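In this text, all values refer to a predicted model and were calculated from it rather than measured experimentally.
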Amino acid sequence: MTSNDPKKKAGMARPAGGRFHRNELAILGAPSSLIQKLSRELASSLRNHMTLGYADLDHREETNQGPFSMTCLDKGGHHELNFTQDDLTYEYRRLFQDVDGVIINGNHFRAAAQIVIAHQKTEELLDGKLDQLTQVKAVLLDDGITEISPLLAEHIGTLHDLPILRISDTEAITQVVLQYMRHIPPIKGLVFAGGQSIRMGRDKGAINYHGKPQREHMADILSEFTENTYLSVRESA
């Protein structure tokens, strides 16, 4: 049964995520050419585990679509879709719905989570963008970089909890992305044992089963598959 009560609908949880996808990860702090190279390497490493999309800003001259509002070009296995629309805020998620996650060039777009590259131009490239570091998953040290700048460390704030990797360690970076993209929300279990047991004549949940009350035995089984398990019982139980 569905409800038309707006008060009930207002309390419903909305799917988490960002502008492009529920699983989106921005790479920022380095020139776009380096971000694009790393993104391709990660997509290649992860191709047997998941499908990834990529979002970036193209500074090249705009494609001339003529009088068409939409064009589709088949480039032999790769398709290019161009269309004119002022605001794509609600379209990105739909367009990327068939992939498992999206890697984003963080120099141009925000994302729900981030990987930061410590590069000689990091402070310059992150000028005015430090507020985007909301959920950093890893810091990558570029070639020639041996430490993280104090400015970057101050805005990340949790360096001791983060993997700090060389940018050449593609395998380790791949694992960071895979762990984030495959994050599964914790599952909690609940055993209902609050009935009055009128036909039984006594509390069914308290019946000895494998050496303990039946409700506790059920909770033990459920606990093998959940993060937390709870018992729902009467106050007198």
Side-chain angles (χ1 to χ4, degrees), residues 9 12-65 68-117 125-126 129 131-140 162-163 165 167 170-187:
K9 291 185 177 181
M12 294 176 62
R14 302 291 182 181
R19 183 181 188 184
F20 295 92
H21 200 276
R22 296 185 67 169
N23 288 325
E24 59 176 29
L25 188 64
I27 302 177
L28 68 167
S32 291
S33 57
L34 184 56
I35 293 174
Q36 292 162 1
K37 177 177 180 292
L38 177 60
S39 298
R40 287 194 294 268
E41 291 173 352
L42 291 173
S44 179
S45 297
L46 287 163
R47 67 174 55 182
N48 293 328
H49 303 281
M50 61 175 54
T51 56
L52 290 176
Y54 180 70
D56 203 341
L57 180 66
D58 191 346
H59 292 287
R60 294 176 299 176
E61 209 172 295
E62 183 179 354
T63 302
N64 183 4
Q65 295 183 188
F68 302 108
S69 59
M70 179 180 289
T71 60
C72 179
L73 302 177
D74 186 336
K75 297 187 174 183
H78 175 77
H79 297 82
E80 182 177 301
L81 182 65
N82 297 293
F83 55 98
T84 304
Q85 189 166 325
D86 293 335
D87 185 3
L88 287 176
T89 302
Y90 299 103
E91 294 295 326
Y92 287 130
R93 293 280 288 263
R94 181 180 65 82
L95 292 169
F96 282 111
Q97 66 182 353
D98 291 331
V99 297
D100 297 312
V102 177
I103 295 179
I104 297 168
N105 185 338
N107 289 343
H108 304 303
F109 300 111
R110 291 176 177 267
Q114 309 84 35
I115 287 179
V116 184
I117 300 176
L125 291 167
L126 290 183
K129 299 177 182 176
D131 63 323
Q132 297 184 26
L133 305 182
T134 57
Q135 192 182 164
V136 177
K137 296 301 179 182
V139 177
L140 312 182
L162 292 176
L165 310 169
I167 197 168
T170 306
E171 183 176 348
I173 303 170
T174 297
Q175 290 305 311
V176 171
V177 176
L178 185 61
Q179 182 177 6
Y180 170 69
M181 294 288 187
R182 282 192 169 175
H183 171 70
I184 300 175
I187 300 174

Check: Taking the side chain as C-beta and beyond, is there a heavy-atom pair between Leu46 and Met181 under 4.5 Å?
Finding: no
Checklist line | Nearest-0.5 Å distance that lies between atom CZ in Arg110 and atom CG in Leu28 | finding: 10.5 Å
Margin query: Quick check for you: to the nearest 0.5 Å, what is the distance between Ile167 atom CD1 and Leu38 atom CG?
Written below: 5.5 Å
Next item on the list: Quick one: list whatever passes salt bridge (charged side-chain N to carboxylate O under 4.0 Å, His left out) with Lys129, sequence neighbours left out.
Entry: none
Margin query: To the closest 0.5 Å, what do you measure between NZ (Lys137) and CD1 (Ile27)?
Written below: 14.5 Å
Next item on the list: Hey, could you give me the NE2/CZ distance between His49 and Arg182, rounded to the nearest 0.5 Å?
Entry: 7.0 Å
Next item on the list: Would you confirm whether Ser45, through its side chain, and Glu41, through its main-chain N or O, come within 3.5 Å as a donor-acceptor pair?
Entry: yes
Note to self: For Tyr54, give me all partners under ring pair (Phe, Tyr, Trp, His ring centres under 6.0 Å), at least two apart in sequence or on another chain.
What the structure shows: none
Notebook entry, point to check: Side chain of Glu24, backbone of Val102: donor and acceptor closer than 3.5 Å?
Noted result: no
Item checked: Distance in Å, Ser39 OG paired with Asn105 CG, rounded so as to fall on 0.5 Å steps -> 7.0 Å
Notebook entry, point to check: When you check the side-chain N and O atoms of Thr134 and Gln114, is any donor under 3.5 Å from an acceptor?
Noted result: yes
Item checked: Approximate separation, where rounding is to 0.5 Å, of Leu125 CG and Ile35 CD1 -> 7.5 Å
